[in-house]
Amino acid sequence: MSDQTPRTDTPTSATAARQVPDKVSVDGLEDRWSRTWAEQDTYTFDRTAEREQVYSIDTPPPTVSGSLHVGHVFSYTHTDVVARFQRMRGREVMYPMGWDDNGLPTERRVQNYYGVRCDPSLPYVEGFVPPHNGTDGKAVKPGDQVPVSRRNFIELCERLSAEDELQFEALWRRLGLSVDWSMTYQTIGARARAVSQRAFLRNLGRGEAYQAEAPGLWDVTFQTAVAQAELEARDYPGAFHKVAFHRPDGEQVVIETTRPELLPACVALIAHPDDERYQHLFGTTVTSPLFGVELPVLAHPAAEPDKGAGIAMCCTFGDLTDVQWWRELRLPTRSVMGRDGRILRDTPEWLTSDAGRAVYGDIAGKTTFSAREAVVAGLRESGDLLGEPVPTQRKANFYEKGDKPLEIVTSRQWYIRNGGRDEGLRDELLARGQELAFHPDFMRVRYDNWVGGLNGDWLVSRQRFFGVPIPVWYPLDEQGEPQYDAPLVPDEAMLPVDPSSDVPAGYTADQRGVPGGFVGDPDIMDTWATSSLTPQIVCGWLDDPDLFARTFPMDLRPQGQDIIRTWLFSSVVRAHLESGSLPWKHAAISGWILDPDRKKMSKSKGNVVTPMGLLEEHGSDAVRYWAASARLGTDAAFEVGQMKIGRRLAIKVLNASKFVLSFGPADEPVSLDPALVTEPLDRAMLAGLAAVVDQATAALEGYDHTRALELTETFFWTFCDDYLELVKDRAYGAGASDAEVTSATASARAALGLALDTLLRLFAPVLPYATEEVWSWWREGTVHRAPWPTSDTLRAAAGDADPGLVAGAGAALAALRKVKSEAKVSMRTPVEHAVLEVPDALRAGVEAALDDVRNAGRATGTLEIASGTGETVVARDARLGEAVAR
């Protein structure tokens, strides 16, 4: 069954007698209904459904390293609206929830929470009790953190993650997410580890994963390599230094640099090939100041003639341009920067002069800042610093979670091919992007720009502790050196493995670390290397082929716009390499939440709002209403005012529903028979509702939940303000007994029942608690498993009625009410005479519903209709009867 083939719609009568409470309230609905949904397995996925019946969602696993913020509530509500709509359309919705608990964020939280740090050289301590438990809310300073073994550290990571997950689940349940809570996973759980390692080994077997010793971005604080997708360019204070290099004839060649401490790593001077100022220098050499190293002067088109002096020193490595020059000009490697962010302590062999070696001895082991001060002092003393440094703000690359500029160091790392160095693969991945349906479509350009701008393969290894281990070992030669080009890999049946404690086939544990034995790869995978496989994890790729066939490729990936380059792209890469397909058909991209200053809310900025208080104060339906009022891909302001409007709407749904259900005997089901609808006003109202159903359905099918909500809400308020007031006297039966119900009264009651039945289902994806509450008063089962409404039944009742009739009648009633309002009398005051000036466009509606207008407006005397020239109905020559006390 496709989403174009909905289930059977409304029966001819409700299947339960009415049980409407005396007082209604939105307070307490969350606790009652979330408990009921859990007890009745309302949202449990039926895994026997055929693939065409299934709608599977690759739900983002939130990072379990702190607290959720209101931005999570915003985007996850969008997903839940989709899930609820698809379920009501007759699809079996697989809506799982994962917890992203691996990698650096969890490690940092554990260090601060428990006051420990990982030292892999330490032995495991059974029953270890951490020195702190985070209850005071204060982070423990790094110097005060107690070192523990890797195994003890990982156990603490797992413990804290489990505690955080319980809090996250409680909030999601209160928000009303229709998740199948039997389908949860952790990105560090056994299944996720096994899937990640299996995919990596298959990448390795096909040549898509490889090792390389190469320059790469390195965070000195966290001591780990950083991938291109994790970069942030930030302003960083620095200074330009004019430094003189020397030609053999004594001529000075002046460069400008913000990093003079890298002078000992200089391998060439580079200028643009068309720069006339340096044509005579190409092919010659210069000598570096202080260190006395002879260097070539070379040409490269990446040099910028209008930047600084137009000629630059190439060091290995100061920035990514240095890496480009080094690679393309085949320059030597002269690294002086260590992984700890300090100048290497051993004097390099390329420094041959006594003076140069002495200067290097002064900076060895120093931080970049201290080394810079020392080199600048030396240049000033030698006369090679021309003028004083000029302060500037330079752009520097930062790790997205770090606070110091990245360095570029040479190290051995693991990579997965992603098109950054393979034009053919790049074109294939761009083609995948064209296959994927982006919502909104303009987000596609972010994917295309990212793929088109890649300059290297995906770095997937990290020098951390808590994560999925790289599943390889290396044999050691007779000197105890690892043979990196001959990795030992496990059989897939062994997965998951931890090379730091598990032993490869053919070896024994006592051979670890000894010549002729083996050593495990110490690194873990990048967090995206696991998260990129969430479709494979939840769909059972590893161990549940039946489920995999029913759910993969998935239908929807909802996510934020800022991780298109990471999570979305990396997921496409893994599915393309492994399955030759997309991982899902649709990608729904949420916008950002903005604070009152129109700045993006984020934990790093300290401007986030935690959501539980909002849910408790305003109610979950109200917060969901605020979230659903913003379209996909559109940034939205955090507005408590919108939540108050949402709460008012939820309350009105309860009160209006109670009113509708008050007509007729309480022990009889409400009639939903379209054949009973005979009055023009009733038929017109249902015609308008039929149009809303068609338009709202089309909007939701196009992933425009905001449009669907706007249409439904606009109709609902008109229904309450105009139609209910116009029809209530007729629906009551004007004093007739239940046995004497006229066709006009039966028409009103059936129309009201059909409208309520339809509106509840239209609102259900956004207001799940209020709609479920009302549904329980008069219907069996749950509204969230009821079929999505279609317009067929409504149109059968409406016939060829003009929806505009309701507007005309409503305008006439408003005109009579205005007379009373201006006279400052009760709305129950009778109108003994009035002339209604009616524009031609509204005349048919007023005439067709004149009896209802009379009754609702308390027009007991003559009510004349005249032609009007304005845009709405105006009452004149009105004469009011005796005022009724308010």
Side-chain angles (χ1 to χ4, degrees), residues 199-217 225-231 233 270 272-273 298-304 314 317 319-331 333 397 408 410-438 441-461 485 525-526 528-529 531-533 535 553 557 563-585 587:
F200 176 85
L201 292 174
R202 293 194 174 188
N203 292 139
L204 180 61
R206 293 191 296 262
E208 297 152 0
Y210 64 92
Q211 287 186 89
E213 183 89 24
L217 293 161
V226 175
Q228 183 182 352
E230 298 170 308
L231 299 185
I270 312 287
H272 195 278
L298 303 172
H300 193 281
E304 301 176 86
C314 174
F317 297 91
D319 58 24
L320 293 174
T321 303
D322 284 343
V323 177
Q324 179 186 3
W325 286 337
W326 165 81
R327 181 178 293 116
E328 295 180 6
L329 297 175
R330 301 182 182 277
L331 298 170
T333 301
N397 284 319
I408 298 177
T410 301
S411 59
R412 179 174 294 277
Q413 303 288 345
W414 281 99
Y415 299 84
I416 291 178
R417 302 187 192 281
N418 67 353
R421 299 183 186 280
D422 182 337
E423 188 173 342
L425 178 56
R426 185 196 308 253
D427 290 343
E428 291 173 7
L429 294 171
L430 285 169
R432 289 290 179 210
Q434 292 302 310
E435 290 178 41
L436 181 60
F438 280 86
D441 186 69
F442 66 75
M443 284 293 176
R444 183 188 313 278
V445 70
R446 300 195 180 200
Y447 175 92
D448 293 341
N449 289 344
W450 174 254
V451 179
L454 288 170
N455 56 30
D457 284 328
W458 177 12
L459 171 66
V460 296
S461 51
D485 58 350
M525 294 185 198
D526 164 30
W528 299 113
S531 296
S532 62
L533 295 164
R557 155 64 68 80
I563 51 174
I564 289 175
R565 73 189 194 281
T566 49
W567 193 32
L568 188 147
F569 173 62
S570 60
S571 299
V572 171
V573 170
R574 302 307 284 278
H576 176 75
L577 295 177
E578 185 61 43
S579 304
S581 71
L582 282 170
W584 359 258
K585 302 170 186 174

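Computed from a predicted model, the values in this text were never measured in an experiment. These numbers come from the heavy atoms of this one structure, side chains and all, not from hydrogens, waters or symmetry mates.
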Determine, step by step, whether N418 and L425 satisfy the side chain to side chain contact (heavy atoms under 4.5 Å, CB included) criterion, reporting the C-alpha distance in whole Å, the side-chain angles of both residues, the deciding distance to 0.1 Å, and the verdict. CA-CA 7 Å; N418 67 353; L425 178 56; 5.5 Å; no
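- Contact record, L582 with A575: C-CB, 4.0 Å, taken as the closest heavy-atom pair.
- No donor-acceptor distance shorter than 3.5 angstrom exists from the side chain of S579 to the backbone of H576, with no hydrogens or angles considered.
- When all heavy atoms of A199 and L533 are compared, the pair lying nearest together is CB-CD1, 3.7 Å.
- A donor-acceptor contact shorter than 3.5 Å is absent between the side chain of R421 and the backbone of L454.
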Quick one: do R574 and N203 satisfy side-chain hydrogen bond (donor to acceptor under 3.5 Å, both in side chains)? Show the steps, please. CA-CA 9 Å; R574 302 307 284 278; N203 292 139; 3.2 Å; yes
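- With sequence neighbours left out, Y415 forms a ring pair (Phe, Tyr, Trp, His ring centres under 6.0 Å) with Y210.
- In this structure, R565 is not positioned above the aromatic face of W528 in the sense of NZ or CZ being under 6.0 Å from the six-membered ring centre and within 45° of the axis.
- Partners of Q211 according to the side-chain contact (heavy atoms from CB on, under 4.5 Å) rule, which considers only residues two or more places apart in sequence or in another chain, are R412, W414, Y474, Y484.
- Scored by the side chain to side chain donor-acceptor pair (under 3.5 Å) test, E423 finds no partners at all (sequence neighbours excluded).
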Yes or no on side chain to side chain contact (heavy atoms under 4.5 Å, CB included) for L577 and R417, after CA distance, side-chain angles and deciding distance? CA-CA 9 Å; L577 295 177; R417 302 187 192 281; 5.7 Å; no
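- Residues W584 and P535 come closest through the heavy atom pair NE1-CG, 3.6 Å.
- Here the shortest heavy-atom pairing between S461 and Q413 reads OG-OE1, 2.5 Å.
- Across all non-hydrogen atoms, the minimal contact from A299 to L329 is O-CD2, 4.0 Å.
- For the atom pair R444 CZ and I564 CD1, the distance stands at 10.5 Å (nearest 0.5 Å).
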Check step by step if side chain to side chain contact (heavy atoms under 4.5 Å, CB included) holds for V445 and F438. CA-CA 10 Å; V445 70; F438 280 86; over 6 Å; no
Run the side chain to side chain contact (heavy atoms under 4.5 Å, CB included) test on L298 and L331 for me, step by step, so that the C-alpha distance in whole Å, both residues' side-chain angles and the decisive distance to 0.1 Å come before the verdict. CA-CA 10 Å; L298 303 172; L331 298 170; 3.6 Å; yes
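- Closest of all the heavy-atom pairs between D457 and G419 is OD1-N, 4.0 Å.
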